[in-house]
Amino acid sequence: MILRVVGLIIRKLLTSRNTARVPVQNSDQKTTAPFKKFYVPNLDEIKVVRVSDEEIKEAGLSSLVSLLTILYFNEDIREQVVAEVEKNQNQLLAIIPALHEYKGERLTRLLSEKTYLTGDIFDALSLLVDTYAIEKELNTELEKAKRSISENVSVDDFAMQMDGGTKILFCSNLEDGQKFQLRFHQFVSGSTNPMKLTGAIYLNEKLVPVRSHLEFDILQALKNAVGLDKPNSLDDIGHFSIGINPSVFMNKGISKEAKTKRMVYELAGLVECPQYVELAQKLGRLQSI
């Protein structure tokens, strides 16, 4: 029993490493009341497969990886990317099928059908994507533009996709009436595709860098919108968990307001928990220290 307790303490210390640019919030911080229990993904069950930097260099694919980073910001280079894929298809087919067979099939289809859709390219080559480089550039853009999100927003509606738990919040900026969407991608696939990264937040389909000021401001705005910033704000969230359970989500006996508040509560708690940082490191979004 003593060994088990010691093991749990060590695990807690190891998983609480803070590699973030913005501090990870926890139940000791006073921005909201302490979070009650909710669904947290088991990282051991999330299989993430990536090609290592060493394999990329050895196969001579560094230029292709750089092009994939540029592609996320500029879709006009799609044909250039596919041309680079054709030039290196033997090296790619030698690396990718050995790691994840269906990626090799997608790569073959990409070349044979001459498909230039950005989503198809990232689906086929997601194992090569440098997610850290993409998020670093996104952070640079955010800092230059000084962009964030209004503190005064409303959550007008929500949806849940049957892909393992992706949730979409349809929101409004109460200052100018502008509509926007927030997608919280599911936590089950281990996807390194930058258009559908496991667990990532997307603002109007644009990736929100992990532990960025924008991420922090989004969570604070959502909490304000549903009243999680008020005293005793958790008293009426209900004794249920949405998690990845669509039956709870679609239960007509639970009010829309209660579902929305519970959903924001769970999503914010997930993004703020230490496991979220671990997952980001696993996906290559954050560098481990």
Side-chain angles (χ1 to χ4, degrees), residues 43 45-141 161 163-164 166 183-210 279-288:
L43 295 184
E45 295 177 356
I46 300 176
K47 184 180 180 182
V48 178
V49 183
R50 301 170 63 214
V51 179
S52 69
D53 292 341
E54 291 74 20
E55 288 176 298
I56 288 170
K57 289 178 183 178
E58 188 176 335
L61 298 173
S62 298
S63 295
L64 176 57
V65 172
S66 297
L67 283 174
L68 289 172
T69 300
I70 298 170
L71 176 64
Y72 185 81
F73 300 93
N74 180 12
E75 294 190 349
D76 292 340
I77 70 162
R78 285 176 294 190
E79 292 192 22
Q80 185 180 345
V81 173
V82 174
E84 189 73 13
V85 170
E86 287 185 303
K87 186 174 76 173
N88 295 284
Q89 60 181 301
N90 290 334
Q91 296 96 307
L92 287 167
L93 289 171
I95 289 177
I96 292 177
L99 293 172
H100 211 317
E101 186 62 38
Y102 81 96
K103 296 291 184 183
E105 294 172 3
R106 284 183 175 173
L107 178 62
T108 304
R109 194 180 310 124
L110 179 71
L111 294 174
S112 62
E113 297 179 2
K114 303 292 183 182
T115 304
Y116 296 148
L117 295 176
T118 304
D120 291 337
I121 293 172
F122 279 128
D123 270 339
L125 302 174
S126 63
L127 303 183
L128 301 174
V129 173
D130 187 344
T131 52
Y132 180 77
I134 290 175
E135 298 221 3
K136 186 177 179 181
E137 181 60 30
L138 284 169
N139 267 309
T140 300
E141 285 188 359
Q161 297 178 352
D163 62 349
T166 294
R183 170 164 59 95
F184 291 75
H185 204 68
Q186 48 84 2
F187 280 85
V188 298
S189 70
S191 169
T192 53
N193 181 335
M195 300 178 76
K196 45 188 177 185
L197 270 170
T198 298
I201 304 174
Y202 291 83
L203 172 59
N204 290 333
E205 296 306 314
K206 192 78 169 180
L207 178 63
V208 175
V210 64
L279 177 60
Q281 292 172 339
K282 204 171 180 180
L283 294 166
R285 301 178 68 190
L286 286 174
Q287 291 185 339
S288 301

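Note that these values count all heavy atoms, side chains included, but never hydrogens, waters or copies made by symmetry.
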Search all heavy atoms of [X] against all heavy atoms of [Y] and return the closest pair with its distance.
X	Y	result
Q287	Q281	O-NE2, 4.1 Å
K282	V48	O-CG1, 3.5 Å
F73	K206	CD2-NZ, 4.2 Å
G104	L93	O-CD2, 4.0 Å
T166	H185	OG1-ND1, 3.5 Å
L68	F122	O-CZ, 3.5 Å

Supply the atom-to-atom distance [X] [atom1] to [Y] [atom2], rounded to the nearest 0.5 angstrom.
X	Y	atom1	atom2	result
I121	R78	CD1	CZ	7.0 Å
L127	K103	CG	NZ	5.5 Å
I77	L67	CD1	CG	5.0 Å
N74	T69	CG	OG1	12.5 Å
K136	L138	NZ	CG	12.5 Å
L117	L110	CG	CG	9.5 Å

Contacts of T131 meeting side chain to side chain donor-acceptor pair (under 3.5 Å) (sequence neighbours excluded), chain-then-number -> none
Hits for side chain to side chain donor-acceptor pair (under 3.5 Å) against E105, two or more places apart or cross-chain, chain-then-number order -> none
Sequence neighbours excluded, the answer for side-chain contact (heavy atoms from CB on, under 4.5 Å) partners of Q89 is L111
By side-chain contact (heavy atoms from CB on, under 4.5 Å), E58 pairs with (sequence neighbours left out) none
Checking side-chain contact (heavy atoms from CB on, under 4.5 Å) for the pair L92/L128: CA distance, chi angles, key distance, verdict? CA-CA 10 Å; L92 287 167; L128 301 174; 3.4 Å; yes
Side chain proximity check, R285 to L207, heavy atoms < 4.5 angstrom
yes
query: Heavy-atom distance under 4.5 Å between the side chains of V129 and Y72, does that happen here?
result: no
Original post:
Do any N or O atoms from the side chain of T192 and from the backbone of L283 form a donor-acceptor pair under 3.5 angstrom?
Top reply: no
Exercise for review: Check the pair I56, D130 against side-chain contact (heavy atoms from CB on, under 4.5 Å), reporting the backbone distance first and the verdict last.
Suggested key: CA-CA 11 Å; I56 288 170; D130 187 344; over 6 Å; no
Where do L279 and F187 land on the side-chain contact (heavy atoms from CB on, under 4.5 Å) test, with the steps shown first?
CA-CA 9 Å; L279 177 60; F187 280 85; 3.7 Å; yes
With sequence neighbours left out, the residues meeting salt bridge (Lys or Arg N to Asp or Glu O under 4.0 Å) with K57 are none
Give the table of side-chain donor-acceptor pairs shorter than 3.5 Å for residues 194-205, with sequence neighbours excluded, one pair per line with atom names and distance.
| residue | atom | partner | partner atom | Å |
| --- | --- | --- | --- | --- |
| K196 | NZ | D123 | OD1 | 3.3 |
| T198 | OG1 | S189 | OG | 3.2 |
| T198 | OG1 | G190 | N | 2.9 |
| T198 | OG1 | S191 | N | 2.6 |
| Y202 | OH | P194 | O | 2.7 |
| Y202 | OH | K196 | N | 3.1 |
| Y202 | OH | L197 | N | 2.8 |
| N204 | OD1 | Q181 | N | 2.9 |
| E205 | OE1 | R183 | NE | 3.3 |
| E205 | OE1 | R183 | NH2 | 2.6 |
| E205 | OE2 | R183 | NE | 3.4 |

Quick note, salt bridge (charged side-chain N to carboxylate O under 4.0 Å, His left out) partners involving residues 79-94, not counting sequence neighbours, are E84-K87, E86-K114
